[in-house]
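Structure, as structure tokens:
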Amino acid sequence: MLEVSLNKVIKNYGFKQILDEFNLEVMTGERIALIGSNGCGKTTLFKLITGNCKANDGIISIRKGATIGLLDQIPTKVADDCQVRKILISGLQEVYAIEEKMREIETKMASCDPNKLNSLLKEYGKLQELFEKVGGYEVEQKINKVCNGFKISDKMLDRTFNSLSGGEKTIINLAALILKSPDILLLDEPTNHLDIDTLEWLEKFLSSYNGTIIISSHDRYFLDQVATKTVLIDKGKAIIFHGNYSYYLKENERRIISEFENYKNQQKQIEAMKNAIKKLREWGKVGDNERFFKRANCIEKRLEKLEKLDKPESKKELPLSFEIEKRSGQDVLISNKIGIILGEKVLFKNATFSITYGERVCLMGKNGSGKSTLIKALLGNINISDGTIKIGSNVMMGYMPQEIEFISDNITVLEFARDIFYGTETQLRATLSKFLFYGENVFKRVGSLSGGEKVRLKLFELIQKKANFLILDEPTNHIDIDTKEILEDALNEYQGTLLFVSHDRYFINKLAQKILHIENNKIETYLGNYDYYKDHLHGHN
């Protein structure tokens with residue numbers, strides 16, 4: 001059954017064209033991954049489907065009677081005294097209204113005139129049928145299941161919604177949406193702020209969801225687990241791939257190669273036609289023969305009518321090449337029975353692990369387990385309470401923190417870059433442009449940069465250092481899929497040693513040779529990537 005149809009939809013914002021004769025059909029039960037560069041129109045598409053904005057042209061059809069639920073990236077504002085519990089069950093008002101009506105009739109039946117009992121019983125029976133149809137008898141079980149999955153405690157339910165962090169608000173809104181069980185579920189970046197355990201629960205839940213789902217996400221592993229179809233928005237149009245994200249990667253590469261071949265063949269054809277026109281006109285002049293001119297005009301008209309193919313665009317490229325000045329010794333880092341205490345909280349006790357030259361190591365653990373704290377200890381920024389941390393010979397560290405900050409928010413990109421770059425001003429401007437800082441962008445204050453821009457500028461800084469031991473804390477936060485893939489390729493070619501913290505399972509799988517997992521204040525070592533760690537953790541070696 002057709003749930004959503006967009007036919008030749010055009011959407012502009014002023015002079016900027018977002019969707020250009022966009023076509024898409026969404027069938028019942030499909031789980032669609034919506035991908036494309038930032039600003040390509042993913043959020044706009046959600047707004048068009050929900051009716052929150054109007055198309056300039058084209059037809060948008062939604063199945064009659066279909067209910068739609070949207071998880072927005074920015075949580076809606078509510079009254080200051082509004083409790084989390086109220087937000088969570090906001091989509092269940094119909095269930096509770098029917099239940100209340102049933103209770104009222106039960107009270108009436110207990111003391112009513114026997115002559116009225118039959119009509120009350122009939123009304124009660126209808127309500128009971130409706131209550132069962134809307135899932136009233138399973139509602140408490142469903143609430144418990146969702147709260148357990150998202151780790152929503154009774155304590156959190158009693159708080160006011162506005163007192164929650166941005167991540168907690170997203171979790172509550174997502175849980176409320178799932179409880180509402182709309183026919184069409186629209187999820188705009190649902191994986192932000194979720195830890196890996198919660199992500200895996202959500203993946204299983206959505207994979208068996210009895211409805212249609214459209215997801216916009218930068219989490220490629222999540223898309224692989226959930227999506228049955230991938231829609232790439234490119235130049236305002238939809239390109240359909242009948243599979244998950246990994247399937248899209250392979251097929252899209254084939255598509256681009258095929259389109260490039262077609263483009264090259266057409267360019268040869270155009271060149272041959274132009275040469276034929278030129279020669280025929282030369283022969284016409286030499287021989288004073290009108291027939292040559294007619295044939296030249298005929299070919300020229302065919303050339304004018306020819307639908308020219310656009311040259312397929314290659315992915316944007318950042319010059320990420322992490323060179324090292326000199327290699328370190330074989331032992332890069334040895335941590336022996338270390339202990340770390342913050343306030344009254346014991347984070348680590350007898351934690352032992354080592355990292356050797358050339359290894360690519362991922363540090364994993366639940367939120368709050370001490371990943372960032374451990375990195376600060378390795379960098380010497382906080383003291384350990386017990387044990388030893390030994391840094392090997394000739395180790396030169398380069399560090400990217402989770403929250404990127406610069407010496408001063410008021411300096412410009414150019415001023416910051418000038419202090420760390422060896423070369424002429426012309427070379428510096430050329431290098432910055434490759435990191436997508438060009439024109440007036442180089443005069444932006446670093447404090448006003450977006451998350452993605454800060455990551456790019458920090459990568460520029462790391463490359464200048466030529467460090468042989470990179471420590472990266474959540475490096476894929478704030479960057480789009482294309483930039484993630486460029487970073488993965490660069491780090492895979494890096495000749496030094498890498499330690500990184502990440503929740504991005506696709507990124508971990510592409511890079512990690514070893515997992516250091518924080519468990520019970522200790523470090524457990526797994527010799528493999530994320531999938532190996534996951535199998536080993538559950539005893540499926």
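If you read the sequence from its start, that first residue is 1, and numbering goes on from there.
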Would you find a donor on one side and an acceptor on the other, under 3.5 Å apart, between the side chain of [X] and the backbone of [Y]?
X    : Y    : value
E453 : S450 : yes
T50  : F46  : yes
N509 : N529 : no
D224 : Y245 : yes
T356 : Q330 : no
R360 : L511 : yes
R254 : S258 : no
D331 : L333 : no
E325 : K466 : no
E524 : K522 : no

If you count every heavy atom of other residues, nucleotides or ligands that lies below 6.0 Å from [X] atom [atom1], does the total exceed 12?
X    : atom1 : answer
Q513 : CD    : yes
K47  : NZ    : no
K204 : NZ    : no
K145 : NZ    : no
E405 : CD    : no
K250 : NZ    : no

Any side-chain heavy-atom pair of [X] and [Y] under 4.5 Å:
X    : Y    : value
C362 : Y533 : no
I233 : F22  : yes
L232 : L34  : no
Y399 : I375 : yes
L88  : F150 : no
L491 : F507 : yes
I340 : L374 : yes

In terms of side-chain heavy atoms, does [X] have a donor or acceptor partner in [Y] at a distance below 3.5 Å?
X    : Y    : answer
N173 : T170 : no
K390 : S335 : no
S328 : N394 : no
T212 : E30  : no

Using a strict cut-off of less than 4.0 Å between a Lys/Arg side-chain nitrogen and an Asp/Glu carboxylate oxygen, indicate whether [X] and [Y] qualify as a salt bridge.
X    : Y    : result
D473 : K371 : no
R255 : E259 : yes
D219 : R505 : yes
D386 : K337 : no

* Asked: Does NZ or CZ of R31 fall inside the cone over Y209's six-membered ring, less than 6.0 Å from its centre and within 45° of the axis?
  -> no

* To do: Decide salt bridge (charged side-chain N to carboxylate O under 4.0 Å, His left out) for D20 and K237; before the verdict, give the C-alpha distance in whole Å, the side-chain angles of both, and the deciding distance to 0.1 Å.
  => CA-CA 6 Å; D20 179 18; K237 301 191 187 299; 3.7 Å; yes

* Evaluate the salt bridge (charged side-chain N to carboxylate O under 4.0 Å, His left out) criterion for residues R418 and E415: first the C-alpha distance (whole Å), next the side-chain angles of each, then the deciding distance (0.1 Å), finally the verdict. => CA-CA 5 Å; R418 196 181 282 134; E415 287 167 341; 5.6 Å; no

* Give me the one residue out of V501, L516, I196 that meets side chain to side chain contact (heavy atoms under 4.5 Å, CB included) with M364. => I196

* To do: Among N23, T230, L24, find the residue that satisfies the side chain to side chain contact (heavy atoms under 4.5 Å, CB included) test when tested with I240.
  => L24

* To do: For F469, enumerate each residue passing the ring-ring contact (aromatic ring centres under 6.0 Å, His included) test, keeping only those at least two apart in sequence or located in another chain.
  => none

* With sequence neighbours left out, write down each residue that passes ring-ring contact (aromatic ring centres under 6.0 Å, His included) with H218, or none if nothing qualifies. => none

* Stepwise side chain to side chain donor-acceptor pair (under 3.5 Å) check, H517 with Y526 -> CA-CA 8 Å; H517 188 241; Y526 298 85; 4.9 Å; no

* To do: Quick one: do E359 and T497 satisfy side chain to side chain donor-acceptor pair (under 3.5 Å)? Show the steps, please.
  => CA-CA 5 Å; E359 280 190 320; T497 307; over 6 Å; no

* Asked: For K142 and L179, what are the C-alpha separation, side-chain angles and deciding distance, and is it a side chain to side chain contact (heavy atoms under 4.5 Å, CB included)?
  -> CA-CA 7 Å; K142 194 174 176 184; L179 284 172; 3.8 Å; yes

* Evaluate the salt bridge (charged side-chain N to carboxylate O under 4.0 Å, His left out) criterion for residues D504 and K484: first the C-alpha distance (whole Å), next the side-chain angles of each, then the deciding distance (0.1 Å), finally the verdict. => CA-CA 10 Å; D504 187 328; K484 283 181 189 181; 3.2 Å; yes

* Step by step, would you call L363 with I515 a side chain to side chain contact (heavy atoms under 4.5 Å, CB included)? -> CA-CA 6 Å; L363 179 62; I515 304 286; over 6 Å; no

* Please walk me through it: do Y530 and Y221 pass ring-ring contact (aromatic ring centres under 6.0 Å, His included)? -> CA-CA 11 Å; Y530 175 76; Y221 197 97; 5.6 Å; yes

* Give me the ring orientation class for H536 and Y532: parallel if the planes are under 30° apart, tilted from 30 to 60°, perpendicular past 60°. => parallel

Gap separating the [atom1] atom of [X] from the [atom2] atom of [Y], nearest 0.5 angstrom:
X    : Y    : atom1 : atom2 : result
E200 : L194 : CD    : CG    : 11.5 Å
F437 : R429 : CZ    : CZ    : 13.0 Å
I481 : E488 : CD1   : CD    : 10.0 Å
K151 : K366 : NZ    : NZ    : 6.0 Å
F435 : L459 : CZ    : CG    : 6.5 Å
L432 : F460 : CG    : CZ    : 4.5 Å

* Asked: Which is it for F416 and E461 under the side chain to side chain contact (heavy atoms under 4.5 Å, CB included) test, yes or no, and what are the steps along the way?
  -> CA-CA 9 Å; F416 173 80; E461 180 188 11; 3.6 Å; yes

* Asked: Stepwise, does the side chain to side chain contact (heavy atoms under 4.5 Å, CB included) test hold for L6 with L45?
  -> CA-CA 10 Å; L6 293 99; L45 185 60; 3.5 Å; yes

